[in-house]
Amino acid sequence: VLLQSLGLDPTDEAVEACSPWRFREPLSPDMAARREGREIDFATLVDFCRDAEKGPEDVLLCEGIGGAMTVDAQGTVTDLAVDDIKRYWPRAWGEDAWTWSVANLSAGRVNEARARVRLKVDGGGGVQVESINGEMDLDGVTVDYLAPMPKVTGISGQATFDKTRFDIFVLSGETFGLRIREGSIFFTGLDQYDQFADIQLLIDGPVQDAMKLIEHEPLGFSSIIGIDPARTSGQATTRLKLDFIVEKALTQDQVDVSATSEMTDVAITDAVLGQNVSAEKLALSVDKTGLDVSGGIMLGDIPATLEWRQNF
């Protein structure tokens, strides 16, 4: 009927040009396709619609079965610059996950991104995202996880996402001159009024840089315990854990933070009564309630055992 109204003969070629996706059952296209053992490739469907939209006609007619429909779609993008995510990720597929990604991910590339979405189309043409999930393979990416803390840069790893959360599994990266051996950066509640972050990083590097990191706003631990990072040296392996509500004006009291560190070849100049402190190994743990340091030390030329607890 449509072809005849346009003055065209209903040949097989004309029908195919009008709609390559035709099914026997009067169901939503994805359900009808599954009944016939077929799948609808979303990228091909989008390209077909865009090509039709670019045609010379003044009017483009889109004919469907009407009523409510559920559409399942999936897509894959390769070799994508992270800064171009906002161009290729349809915002309607997940407003909150889209907003967080655009605001907090930069630099580097997504070697491959895979997404699956289920859309519900009502009889009035409204579209609702019922579900979305996917993965991204990351290379050289920067994550701004807690401003004004130093960003984690050069991340290699994988991200997974859905309507409620965005999770990054770090295989390697850097922050503040320190090497990240592994870690996880989880953001939850993307579909809620408040979002929350759960971050764990295993970090290797100089003691001085590790002390500077836990001194950085909004943490401020080094000054609380009275140690100037510039007077320290040695190497440290630190496990840093942060939990906080995601807000622009975050204060120290709102960050639940803890860190444990195994330090080697440690030296602190002018540490106690003008004396230097050195140690082959020291164990440090700190959270919002206090700090514990233990190990064998040299206080000047005097050997000693350190067991230090400082309450905050």
Side-chain angles (χ1 to χ4, degrees), residues 43 75-115 132-190 195-206 208-210 212-219 237-250 255 257:
T76 300
V77 177
T78 59
D79 195 25
L80 173 67
V82 168
D83 293 332
D84 288 337
I85 284 179
K86 59 186 177 183
R87 294 175 53 197
Y88 291 92
W89 183 342
R91 192 166 185 166
W93 282 22
E95 173 78 17
D96 298 305
W98 184 95
T99 299
W100 188 91
S101 301
V102 170
N104 296 282
L105 300 181
S106 61
R109 304 196 71 79
V110 177
N111 292 332
E112 183 173 291
R114 301 165 294 279
I132 178 173
N133 62 82
E135 308 85 32
M136 298 180 182
D137 298 329
L138 307 177
D139 185 23
V141 175
T142 294
V143 179
D144 188 3
Y145 64 94
L146 175 58
M149 288 283 287
K151 300 175 182 179
V152 178
T153 62
I155 286 179
S156 293
Q158 187 179 72
T160 62
F161 59 89
D162 58 28
K163 287 183 66 176
T164 67
R165 60 188 299 143
F166 197 105
D167 298 337
I168 300 174
F169 301 90
V170 181
L171 298 179
S172 63
E174 297 180 357
T175 184
F176 216 56
L178 300 161
R179 182 177 69 89
I180 297 175
R181 193 192 310 173
E182 62 180 46
S184 59
I185 303 173
F186 298 159
F187 288 89
T188 59
L190 296 183
Q195 289 79 53
F196 297 88
D198 177 357
I199 298 169
Q200 298 189 49
L201 302 173
L202 184 60
I203 303 169
D204 292 327
Q208 184 175 123
D209 290 334
K212 288 180 181 178
L213 181 65
I214 64 172
E215 172 61 13
H216 209 286
E217 293 182 29
L219 305 183
T237 296
T238 303
R239 186 172 293 277
L240 178 66
K241 181 170 174 36
L242 302 166
D243 293 283
F244 54 89
I245 187 171
V246 179
E247 293 184 353
K248 290 183 178 179
L250 199 66
V255 180
V257 58

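Heavy-atom basis, side chains included; hydrogens, waters and symmetry copies ignored.
Within the 4.5 Å cutoff, the side chain of Thr78 has no heavy atoms near those of the Asn111 side chain. Val257 places a side-chain heavy atom less than 4.5 Å from the side chain of Leu240. Using a 4.5 Å heavy-atom threshold, the side chains of Leu105 and Thr142 count as separate. You'll find the side chain of Val143 reaches within 4.5 Å of the side chain of Ile185, heavy atoms only. Side-chain contact check for Pro150 versus Leu213: some heavy-atom pair is nearer than 4.5 Å. Using a 4.5 Å heavy-atom threshold, the side chains of Val82 and Met136 count as separate. Residues Leu190 and Thr164 form no side-chain contact, since every pair of their non-hydrogen atoms from C-beta on lies 4.5 Å or further apart. Residues Ile199 and Leu201 meet the side-chain proximity criterion, which asks for heavy atoms closer than 4.5 Å.
Figure legend: cation-pi geometry between Arg165 and Phe186, with NZ or CZ positioned under 6.0 Å from the six-membered ring centre and within 45° of its axis.
We find the OH-CD1 distance between Tyr145 and Ile168 to be 12.0 Å, quoted to the nearest 0.5 Å. Atom CG of Asp198 is separated from atom OG1 of Thr188 by 8.0 Å, given to the nearest 0.5 angstrom. A distance of 11.5 Å separates CD in Glu135 from CG in Asp167, rounded to the nearest 0.5 Å.
Within the 3.5 Å criterion, the main-chain N or O of Asp79 finds a donor-acceptor partner in the side chain of Arg109.
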Return a table of donor-acceptor pairs under 3.5 angstrom between the side chains of residues 173-182 and protein atoms on other chains or two or more places apart.
| from | atom 1 | to | atom 2 | distance (Å) |
| --- | --- | --- | --- | --- |
| Thr175 | OG1 | Lys151 | O | 3.3 |
| Arg179 | NH2 | Asp204 | OD2 | 2.9 |
| Arg181 | NE | Asp204 | OD2 | 3.1 |
| Arg181 | NH2 | Asp204 | OD1 | 3.0 |
| Arg181 | NH2 | Asp204 | OD2 | 3.1 |

Any chance you could lay out the side-chain contact (heavy atoms from CB on, under 4.5 Å) test for Asp144 and Ser106, step after step, and finish with the verdict?
-> CA-CA 8 Å; Asp144 188 3; Ser106 61; over 6 Å; no

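Scanning both residues, Gly157 and Leu171, for their nearest heavy atoms gives CA-CG, 3.9 Å. Among all heavy-atom pairs drawn from Lys163 and Ile132, the shortest one is CG-CG2, 3.4 Å. Here the closest non-hydrogen pair linking Ser156 and Gly140 is OG-N, 4.1 Å.
If you run side-chain hydrogen bond (donor to acceptor under 3.5 Å, both in side chains) between Arg114 and each of Asp137, Thr76, Thr160, only Asp137 comes through.
Relative ring orientation between Phe166 and Phe161 is described as parallel, the plane-to-plane angle staying below 30° on a 0-90° scale split at 30° and 60°.
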